[in-house]
Amino acid sequence: MFNRIMVPVDLAHAESLDRALKCAADLAGQHGAEIVYVGVTAQTPGAIAHTPAEFKGKLADFAKEQSEQYGVSVTSHVIESHDPAAEMDKDLLKAVRETGADLVVMQSHKPGLTDYLFEGHGPYLAQHAEASVMLVRD
Amino acid sequence: MADESVNEGIPAPEGASDIIETDYEIGQDNIETNIGPFGLDIHNPVFMISGLTVVVFVLYALVAPTQAADFFGWLRPTLTSTFDWFFLMSANIFVIFCLVLIVSPFGSIRLGGADATPDYGYPGWFAMLFAAGMGIGLMFFGVLEPAYYFGTPWGDEPLGTVRPFAEDGTLIEANVVEAKRMALAATSYHWALHPWAIYAVVALALALFSYNKGLPLSIRSAFYPILGDRVWGWWGHIIDIVAVFATLFGLATSLGLGAQQANAGLEYVYGIPSNVTVQVVLIILITIFALISVVRGLDGGVKVLSEINMVLAMLLLFFVLFTAGAVGIFTDFGNTLVAYAQEVVPLSNPFGREDDGYREGWTAFYWAWWISWSPFVGMFIARVSRGRTVREFITCVLIIPSLVCVFWMAVFGGTAINDMITNLGDSAVKANVIDAYVPELSLFAMLDGLPLASITSTIGIVLVIVFFVTSSDSGSLVIDTITAGGKVDAPVPQRVFWCTFEGMVAIALLIGGGLVSLQAMVISTGLPFTIVLLLMCVAIWKGLASERAIT
């Protein structure tokens, strides 16, 4: 049913993404799908990496660890953004197009007050992406 | 100093470049927390101390307005007249430094690594350079400054040049050409190479140490070659705090004063009363637009607004150009360039001159002002300049904006001066600049003499407001990045906070008084920053040398 599952990853908070990561791996195993981990980075040095190239390397390492842990086939894809904090929604939408994913599995917080002010990335993707979107609550 | 060798373990930016190895991890001093429902990711202690110092100074200006006005009103002119030679010589050094970099072999080094490609095309890039750094000044001084130098009866004419008006207000024909030539040259001197060289130095330092050396995008990073790992401690904290402080107060005081100018324009054109209520509404409007812009982000907000801004400014420029006589103005532009080339050396020499009023009151004031803005503008320019070579970067930040500024001054100033010459008795420009000094009306007075004044004046007011929005949004991004320890991806509520805070400071100072005295204080920070900028030149040179050694 699904061939490529996109999983957006915030490398700075990877440890809190367990549920989404596991869910994606289960689905991939079930459907024989490939997982593509997507990371968004600015071009300026950040907490994860000094350069976009270094970021690519770290995301690829992360993907490899996941592959070893869950035994699924994986790739990774990096989106460079001028202003990740503000443009994340559009960056993720672009990632769906570029990776050709047919399912997005992503971690999402429980809805709260701030969702009336700042829409979450998950709801935005569900509304605008052509792929199916699964939000895993934490 | 950092390890000069190529480090196999660390991936190069894109192609060869010389990453600085340091144990500092970006964000290591940051606090991630929640205030209410909002997530924060802020640098400790830069965020807190900058915010608190701003509050303390606002309170000081509100509680002891007379003392603050007296003190800063004394400090600023004292600094600019005592250290005028220092400001003038430093600015000359920055220009020469930039020109040397263009022709030196360092010019071919690319910001972001040898294989990096530019993030922005030329139109968007130029629009952002201009809108952040200078736009609002062009609106305010484009008419005022040339008209002032041309007609000043107050003895501060540049290089003590001849006067076009006799005591009784009649024209002295023989002096007109020379007075106009010098007025345009002296104005161009303040808006062409020197200010852009100041911005270029800061921007180049930040871009180099961030994109090529892998240090966080923050003012302190430019000091790594000089201070080493100490920049991650209190040395760096203080540098960043002063930068945030100068940026925030620079923006807030200009916002308050700008609201007064826009209000004066509205009164002149539409008869809308000039009072605090209207001005507070204007500040709130500007802040709301700036908020929308920062929430939409760099590409969706700041860039789009800057481009709209450029289109409007071009419309106004071409309108003035064609209605005031394009042939005459192109001649003025040519003459201004020649005059600038002839006079730039005498104007920038601080020694053996007797035009204290001009040199200390205008030039040194301008240099201190540009320099106090340079952390903000420089950092913003750095943020959008990745992928350019050093040569291309300096040519585009130094030469091209200089030409645009000279052209702008020739169009607006030339038209204003012609108005003073031809309508000797009833020139609105002369009435508002020389007869009564009402600087905020000078632009509208000039537009009054041209056709369709009500339409162009409206465009003028809209431009003043939009230029404020574009300074305000880019400034909030810069402050947010510095106070997040160089992270550009801090949560959006943080930039909302800074943008709102800036509007609130402006409103508090507008209502309570203190705009002028705190602006004087900001300009006073130009003196320590001049030393900082001179050190940056050394840092850039060292950084480029190590870059070149491996590429």
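Order of the sequence lines fixes the chain letters, A, B, ..., with proteins taken first and strands second; residue numbering starts at 1 for each chain. For clarity, every value in this text was computed on a predicted model and none was experimentally measured.
Here the closest non-hydrogen pair linking D299(B) and E87(A) is N-OE2, 2.8 Å. What you find for A86(A) and G297(B) is that their closest heavy atoms are CB-CA, 3.3 Å.
In this structure, chain A has a heavy atom under 4.5 Å from the backbone of V294(B), while its side chain stays farther away.
Put simply, the side chain of R495(B) reaches to within 4.5 Å of the side chain of D83(A), judged on heavy atoms.
Among A49(A), S81(A), G46(A), the residue with the largest count of heavy-atom pairs under 4.5 Å with chain B is G46(A).
Contacts between residues 478-491 of chain B and chain A, counted as heavy-atom pairs separated by less than 4.5 Å, involve G486(B), K487(B), V488(B), D489(B), A490(B).
Screening V384(B), L298(B), V302(B) for a side-chain contact (heavy atoms from CB on, under 4.5 Å) involving H82(A) leaves a single residue, L298(B).
Enclosure of atom CZ in F2(A) by more than 12 non-hydrogen atoms of other residues, nucleotides or ligands within 6.0 angstrom is indicated.
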